[in-house]
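Both ligands and their constituent atoms are indexed starting at 1 by order of listing.
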Amino acid sequence: MKCRVRFAPSPTGHLHIGGARTALYCYLFAKAQKGEFILRIEDTDQARSKREFEESQIADLRWVGIEYDEGPGKGNKGPYRQSERLDIYDKYAKELIAKGNAYYCFCSEEELEKKKAAAEAQNLAPIYDGTCRDLPTKAALERISKGEKAAVRFKAYPKSYSFHDVVRGDVSFPEGMVGDFIILRSDGLPVYNYCCVIDDALMEITHVLRAEEHLPNTLRQLMLYEALNVSAPIFGHLSLIVGDDRQKLSKRRGDTSVDYYREAGYIPSAMVNYLVQLGWSHPKEHDIYNFDELVSVFTIDRFSKSPSVLDLHKLKWINGQHLRLLTNEQIVSEVHRHIPSDHPYHQESLAWKLSAIELLKNQIDVFPEITNCFPWIFSDEVQFTPELLEILAFESTPALLRLTKSELEKFSANTFLTEEELNNIISKAKDNLKIKGKFLFQGIRALLTGKAEGPDLKRLITLTHLNVIESRIKKIQDHYTSSGV
Ligand code: GLU
């Protein structure tokens with residue numbers, strides 16, 4: 001049988017990283033099995049569901065590389081929005097009533113609340129007391145035709161249930177955990193457990209991978225499958241993603257939605273790489289992998305039972321690894337939007353940008369960090385740190401400064417030095433001033449960059465406007481003058 005796996009988000013907010021991880025597992029498993037990935041929109045909560053959230057969730061799924069085979073606008077087992085399937089839920093509810101598996105219930109909200117409170121006061125589980133269980137359907141339909149509102153309640157089976165969960169192993173629910181439960185509310189809207197089963201059955205879903213919080217729902221769902229005479233799919237309840245405090249990620253955190261990372265310049269392949277190992281382990285235990293590789297190795301027997309901690313440092317590190325797999329051209333086009341539009345970077349030529357990226361890509365893990373590196377190139381500020389002062393205090397540095405300054409004066413101020421021209425200055429310092437080793441190399445770096453350390457000097461200098469270098473040298477000269485050197 002062809003494997004059919006669905007992801008069933010509620011469009012009540014942006015795609016959460018937990019949702020993205022679930023979607024990813026569903027997608028990878030479906031693709032690994034050469035099956036279908038189905039997107040079902042669970043939008044029966046009319047007050048909270050919004051089309052714009054559905055759209056943004058689909059856009060975020062696409063961003064990480066997940067495209068559905070069936071879902072809104074695509075496929076022949078639809079409609080794929082629950083709000084467009086109300087007649088289907090109604091039809092099956094009537095069938096369940098006709099078969100004696102469900103009944104109309106006229107108990108009002110207030111009555112039910114009262115009974116629930118009374119049960120809780122006696123420390124009993126709030127199980128429906130069966131008031132309407134034995135009402136004949138004919139009598140119920142008459143009351144409805146006279147305008148009374150009724151919900152439809154499922155007759156829970158008085159027995160225990162067990163199933164094998166691909167993440168948690170064997171799970172059993174003892175008899176009596178749930179009483180008769182509502183499947184259609186008196187306003188005609190279905191409840192989650194019911195429409196989920198109807199849809200999974202009609203959409204011929206073979207595997208359900210979903211968040212751990214749905215594990216208790218599986219009991220009601222198993223009962224419904226039994227009543228519908230349909231075999232249940234294979235279930236896997238995925239462990240939670242928790243924060244550093246080991247608590248469920250707070251909804252208040254801004255960094256738990258996929259669009260946050262998209263905006264922050266993360267690379268989709270890195271998000272996939274990070275999210276997939278947050279509760280699943282790669283058989284070869286290495287850290288960096290791409291989508292195609294994942295499809296080729298993904299199986300559902302490698303999920304972890306314990307919660308996974310969202311480790312933003314690791315995510316960033318993985319992003320850095322993926323960033324360095326991109327070509328310089330790709331990085332140039334990605335960093336663009338993260339650099340303020342009035343930054344002088346934008347004035348430089350493409351060749352300059354490619355060369356700058358070649359130099360700086362090892363210094364960054366996410367695109368926006370590129371701006372942290374720009375002072376090395378664009379700033380004429382000299383930070384007189386203890387390390388820099390130590391180099392300026394070498395006996396040879398003032399002479400090196402004079403030589404460098406006079407050499408640089410031979411060039412026009414708005415040009416760049418070539419590597420060869422820099423080498424010539426270094427050779428002159430060696431030959432004429434007899435400076436060598438750290439006195440020469442640390443000295444020349446300090447004078448040209450205004451810093452004790454930084455990326456490869458020869459490349460850096462070819463990217464730095466000469467007037468910036470001259471301005472740094474001038475500041476160092478002023479420092480010498482003011483300290484009497
Ligand atoms: N709409 C449910 C959710 O977003 C899906 C539950 C399920 O996968 O069965 O949590």
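- When non-hydrogen atoms are compared, ligand 1 lies under 4.0 Å from the backbone of Ser10 as well as from its side chain.
- Of the protein's non-hydrogen atoms, Arg6 NH1, 2.6 Å is the one closest to atom 8 (O) of ligand 1.
- Taking the six-membered ring where the residue is Trp, Tyr261 and Tyr266 present perpendicular rings, their angle passing 60° and hence far from 30°.
- Distance from atom 9 (O) of ligand 1 to its nearest protein heavy atom, with residue and atom name: Tyr192 OH, 2.5 Å.
- The number of heavy-atom neighbours closer than 6.0 Å to CG of Asn229, taken from other residues, nucleotides and ligands shown, is 12 or below.
- Considering backbone and side-chain N/O atoms, His214 comes within less than 3.5 Å of an N/O atom of ligand 1.
- Taking the six-membered ring for Trp and thresholds of 30 and 60 degrees, Phe367 and His338 have nearly parallel ring planes, at less than 30 degrees apart.
- Considering backbone and side-chain atoms alike, Ala8 places an N or O below 3.5 Å from some N or O of ligand 1.
- Taking the six-membered ring for Trp and thresholds of 30 and 60 degrees, His282 and Trp280 have ring planes more than 60 degrees apart, a perpendicular arrangement.
- Remark: ligand 1 atoms within the under-4.0 Å shell around heavy atoms of Cys196 are 9 (O).
- Among protein heavy atoms, the minimum distance from atom 1 (N) of ligand 1 is reached at Glu42 OE1, 2.6 Å.
- The shortest N/O to N/O separation between Glu213 and ligand 1 does not fall below 3.5 Å.
- With salt bridges taken as basic N to acidic carboxylate O contacts below 4.0 Å, none links Lys91 and Asp87.
- With respect to Glu70, the salt bridge (charged side-chain N to carboxylate O under 4.0 Å, His left out) criterion is satisfied by exactly one of Arg4, Lys77, Arg40, Arg6: Arg4.
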